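So the structure is just underneath, and the comments pick up after that.
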Amino acid sequence: MNITKTLLTIGLASAMMHSAAMPYDGNGMNDRGGNGQGPSAGRENPLLVESGLLFGAPDFSKIEASDYLPAIQEGIRQQRENIGRIVLSSATPTFQNTIVAFEESGVLLERVTNIFFGLTSADKTPEIAETEKAAIPLLTDLENEIMFDKVLFQRIKYVYDHELSTLQGEDKKLLEEVYKDFVRSGALLSDEKMERMKAINLRISDLQQQWGDQLPAATNHAVVWVNSREELSGLSEADIAQCKKDAESRGGQAPYCIVIINTTQQPLLSSLDNRDLRRRVYEASIHRADGSGSFNTFPIVSEIARLRAEKAQLMGYGNYASYSLEKTMAKTTDRVYTFLRQLIDAYRPKADAETRAIEAYARRTMGNSFQLEPYDRFYYSAKMKQETYNLSDDEVKPYFNVDSVLINGVFYAAGRVYGLTFKERKDIPTYHPDMKVFEVLDKDGRSRALFYCDYFRRPTKRGGAWMSEFAQQSHLRHQHPIIYNVCNSAKAPDGQPSLLTWDEVTTMFHEFGHALHGMLSDCRYSKLAGTSVARDFVEMPSQFNESFATIPEIFDHFARHAETGQPMPADMKKKMLESINFHSAYALGENLAATCLDLAWHTLDISAIPTAEQASAFETEALQRVGLLDHQVPPRYSTSYFNHVWGGGYAAGYYSYLWTEVLAVNVADCFANRGALRREVGQAFRDQVLSRGNTGDLMEMFSNFTGLAQPDAAALLKARGL
């Protein structure tokens, strides 16, 4: 079992991730009367026995919050026992008795933690939060104990030295990955450095847990309270109803409130007529976790950055980015910066022109002295878009009913391209009433996977959208994949359809691309299966899957009016699709800025890490240095709430969203040229990429399907309309 992956697998974000992190509403289905101290007397812990459900799906109807910690403790005990057998064996180390035995040593712990960490992200009740605080140190201690076990490593090294040249396929790849994991964790360090590495690992896990508690609390605390309906002028009736519902669920300090989501810019800013309210919302967003309020994550950020730099130094690297990138497609910081510089140079004049055009438009109604602010940009851009295309978001939203997007869009595309069908299973329990479960049937009718979806926001759920699994596919374990997607869309009042923005539509397609990567996995070993690939490859299938949303046959199938069932009129559809790339420079710029912030922090020598007090100034300097300091285009995530980097697994890796977007556009072009919905093309992509996990060279997988020796970066700018 890869414990590091378990600790970091809190999902893959769309902008991410794979990553962690509210007053609680108390409605989570995990609160079933447990006292939080241990399993109810006389009960058998349901996490420690086979559930009896399809593919061993977790039986949430029986699991109580108090079951998780004892189950994690038992999983730890079993893995220690299994590792002990490997270490104490007198037999000569072999691939089977050492590498495979190690791969299977933590099956129970992996199963339990996969379920548990799904809840810490999506339904973090107070009981779950308390269990997490107790469990993280135990898991970190176990990881240190295993990864720094010298006898275990010597056995693994013996197999690596003696069998690598004779092994083939997945066996060889598993051996390489296990050996590299130990080396990269510090197995070759001196005793003194090894002890320091253990301490660093423990402290980072503690800090990330603090981050996972503090950031959601800060984001919830940053809600903007609104005293009157009049202040919400410009919002739709559905949005106003959601603001009222959000206020009620958060204590009702005022009749309405605007909830802050995880990104810097807030979607409602495109509709709010009240400029002062727009300003309040924007400032609440950018200051949610910096030193200007009672919540301040900068001390956590600074210490994590310093510890990561020290970790890299111990391993012989100049900085953490160099250490981290070694296991990616990009390999080096120079290659990443070369890639980014191409995009920055092309983006900059487009962004400046876009800003000038929006400000000029605003001055037509506000006067020549009007100065455009970042909280004005979405508002006037939306008005320009409406004037240009005679179309508003409120006009198209009724055609994006969440149920239709899922069934008639996401699932329909997967059926056309990969031959999959989906059958809802209301007999399989979930952790929250909003969640649905589907059995995934392959083209031959055989059951292949389970898919859970949890699309609506609530106070116990962290922001963003992600994919992960309750169980990863493995032929060795006879385990079918059990996959889930989580999003944060607004849920309509009972009896009304829940409608999505176009961005939320593409997010559903995006996360389902990750789900397909997990569902269609066809690997022997769990460690190599599904999405267990490099960060700068894992986002490719998800970003590629977004392309199906705009294919006419797919779009027409799901874009139907929530009340009448009629398809979107042809003229509206034409204008909406043409408007997708309207003012697209902004989206690229905010992503580039966040990417460069991530790299700026992680390319520092340990002696140059800013203190908490210097962090804000460092961000400004870092953006200025690369030509991305732009008041009008702030980073998608600022340092103080950059969850992908400080709470998740994207440290020195946020560039991967842009890197994999290039790969995805190249793949989409191949589909378009060969027949985007042809089953043969989908089968080839499935066979050559989606099914293979991390069993081969990732660039070779890409090249074998596309025929390209290297990714074509120019295609990205074209696809974004730039």
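Keep in mind that the numbers below use all heavy atoms, side chains included, and drop hydrogens, waters and symmetry copies. Just so we're clear, the structure is a prediction, and the values are computed from it rather than from any experiment. One-based numbering along the sequence shown.
- For the pair Pro70 and Asn45, the minimum side-chain heavy-atom distance is below 4.5 Å.
- With contacts defined as side-chain heavy-atom distances shorter than 4.5 Å, the pair Phe537/Val689 qualifies.
- Not a single donor-acceptor pair under 3.5 Å links the side chain of Arg535 to the backbone N or O of Ala651.
- Interatomic distance, Asp67 CG to Glu74 CD, rounded to the nearest 0.5 Å: 13.0 Å.
- Side-chain atoms of Met435 and Tyr484, non-hydrogen and from C-beta on, do get closer than 4.5 Å to each other.
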For the pair Asp522 and His475, evaluate side-chain contact (heavy atoms from CB on, under 4.5 Å) and give the outcome as yes or no after the intermediate values. CA-CA 8 Å; Asp522 189 16; His475 291 309; 2.4 Å; yes
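- Of all heavy-atom pairs between Lys172 and Leu167, the closest is CD-O, 3.5 Å.
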Go through Ile72 and Phe116 one step at a time and tell me if the side-chain contact (heavy atoms from CB on, under 4.5 Å) criterion holds. CA-CA 9 Å; Ile72 289 170; Phe116 176 68; 4.0 Å; yes
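- Taken to the nearest 0.5 Å, the CD1 atom of Ile482 stands 7.5 Å off from the CG atom of Leu54.
- For Gln209 and Asp213, the side-chain atoms include no donor-acceptor pair closer than 3.5 Å.
- Between Ser532 and Gln472, the side chains place a donor N or O and an acceptor N or O closer than 3.5 Å (distance only, hydrogens not considered).
- If you take OG1 on Thr98 and CD1 on Ile86, they are separated by 6.5 Å, rounding to the nearest 0.5 Å.
- When all heavy atoms of His517 and Val538 are compared, the pair lying nearest together is ND1-O, 4.5 Å.
- Side-chain contact, Gln78 with Asn82: no donor N or O sits under 3.5 Å from an acceptor N or O.
- Within 6.0 Å of atom NZ in Lys245, more than 12 heavy atoms from other residues, nucleotides or ligands are found, so the atom counts as buried in its surroundings.
- Rounded to the nearest 0.5 Å, atoms CG (Leu69) and CG (Leu138) are 6.5 Å apart.
- The backbone N or O of Ile300 lies less than 3.5 Å from no partner atom in the side chain of Thr297, so there is not a single donor-acceptor pair.
- Aromatic ring orientation, Phe422 versus Phe411: parallel (interplanar angle below 30°, classes split at 30° and 60°).
- With hydrogens and angles ignored, the 3.5 Å screen pairs a side-chain donor or acceptor of Gln479 with a backbone N or O of Phe55.
- Although no hydrogens or angles enter the test, the distance criterion places no donor-acceptor pair under 3.5 Å between the side chain of Asp442 and the main chain of Asp444.
- Here the side chains of Ile128 and Asp123 are not in contact, with every heavy-atom distance at 4.5 Å or above.
- For Ser521 and Gln473, the side-chain atoms include at least one donor-acceptor pair closer than 3.5 Å.
- The heavy-atom pair separating Asn488 from Gly464 by the smallest distance is ND2-O, 2.7 Å.
- Between Arg457 and Gln242, the shortest heavy-atom distance links the atoms NH2-CG, 3.1 Å.
- The backbone N or O of Ile99 lies less than 3.5 Å from no partner atom in the side chain of Arg155, so there is not a single donor-acceptor pair.
- The shortest heavy-atom contact between Arg111 and Val49 is NH1-O, 4.0 Å.
- Here Asp149 does not pair with Arg80 in a salt bridge; the nearest charged N to carboxylate O distance is not below 4.0 Å.
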What's the verdict on side chain to side chain donor-acceptor pair (under 3.5 Å) for Tyr650 and Asn643, showing C-alpha distance, side-chain angles and the deciding distance? CA-CA 9 Å; Tyr650 280 85; Asn643 189 64; over 6 Å; no
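- In this structure, Gln208 CD and Leu215 CG are separated by 12.5 Å, a value rounded to the nearest 0.5 Å.
- Remark: the backbone N or O of Phe512 is not paired with any side-chain donor or acceptor of Asn545 at under 3.5 angstrom.
- Side-chain rings of Phe182 and Phe102 approach one another, their centers coming within less than 6.0 Å.
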Please lay out, stage by stage, how Glu103 and Arg477 fare under the test side-chain contact (heavy atoms from CB on, under 4.5 Å). CA-CA 11 Å; Glu103 162 75 357; Arg477 299 177 185 176; 4.1 Å; yes
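- A donor-acceptor pair under 3.5 Å is formed between the side chain of Arg43 and the backbone N or O of Lys62.
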Given the rule in the side chain to side chain donor-acceptor pair (under 3.5 Å) test, do Lys527 and Asn694 qualify, once you have shown the distances and angles that lead to the verdict? CA-CA 8 Å; Lys527 182 176 177 60; Asn694 193 32; over 6 Å; no
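- At least one donor-acceptor pair under 3.5 Å links the side chain of Asn144 to the backbone N or O of Lys198.
- Considering every non-hydrogen atom in both Cys523 and Thr695, the closest pair reads SG-CG2, 3.8 Å.
- A 4.5 Å side-chain heavy-atom check between Phe544 and Thr660 finds every atom pair outside the cut-off.
- The aromatic ring centroids of Tyr452 and Tyr431 lie 6.0 Å or more from each other.
- A heavy-atom distance below 4.5 Å is found between the side chains of Lys461 and Asp454.
- No side-chain heavy atom of Thr219 sits less than 4.5 Å from a side-chain heavy atom of Phe295.
- A cation-pi arrangement, defined by a distance under 6.0 Å to the six-membered ring centre and an angle within 45 degrees of its axis, is present between Arg184 and Tyr323.
- Residues Val178 and Val159 form no side-chain contact, since every pair of their non-hydrogen atoms from C-beta on lies 4.5 Å or further apart.
- Not one N or O on the side chain of Glu127 forms a donor-acceptor pair closer than 3.5 Å with the backbone of Ala65.
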Assess the residue pair Ser447 and Glu439 against the criterion (side chain to side chain donor-acceptor pair (under 3.5 Å)); give the C-alpha distance rounded to whole Å, side-chain angles, the decisive distance to 0.1 Å, and a yes or no. CA-CA 7 Å; Ser447 185; Glu439 183 178 357; 2.8 Å; yes
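- Stacking of Arg686 on the aromatic ring of Tyr418 is not recorded, the 6.0 Å distance cut-off and the 45° axial limit not both being met.
- Residues Ser526 and Glu110 have side chains that bring a donor and an acceptor to within less than 3.5 angstrom of each other.
- Annotation: the span from Leu420 atom CG to Phe438 atom CZ amounts to 13.5 Å, rounded to 0.5 Å.
- For the pair Asp246 (side chain) and Val259 (backbone), a donor-acceptor distance under 3.5 Å is absent.
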Determine, stepwise, if the pair Phe642 / Val301 fulfils side-chain contact (heavy atoms from CB on, under 4.5 Å). CA-CA 9 Å; Phe642 205 160; Val301 166; over 6 Å; no
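- Using a 4.0 Å cut-off between charged side-chain N and carboxylate O, Lys180 and Glu176 make no salt bridge.
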Chi angles and distances behind the side chain to side chain donor-acceptor pair (under 3.5 Å) call for Ser656, Glu539: CA-CA 7 Å; Ser656 61; Glu539 295 294 335; 5.9 Å; no
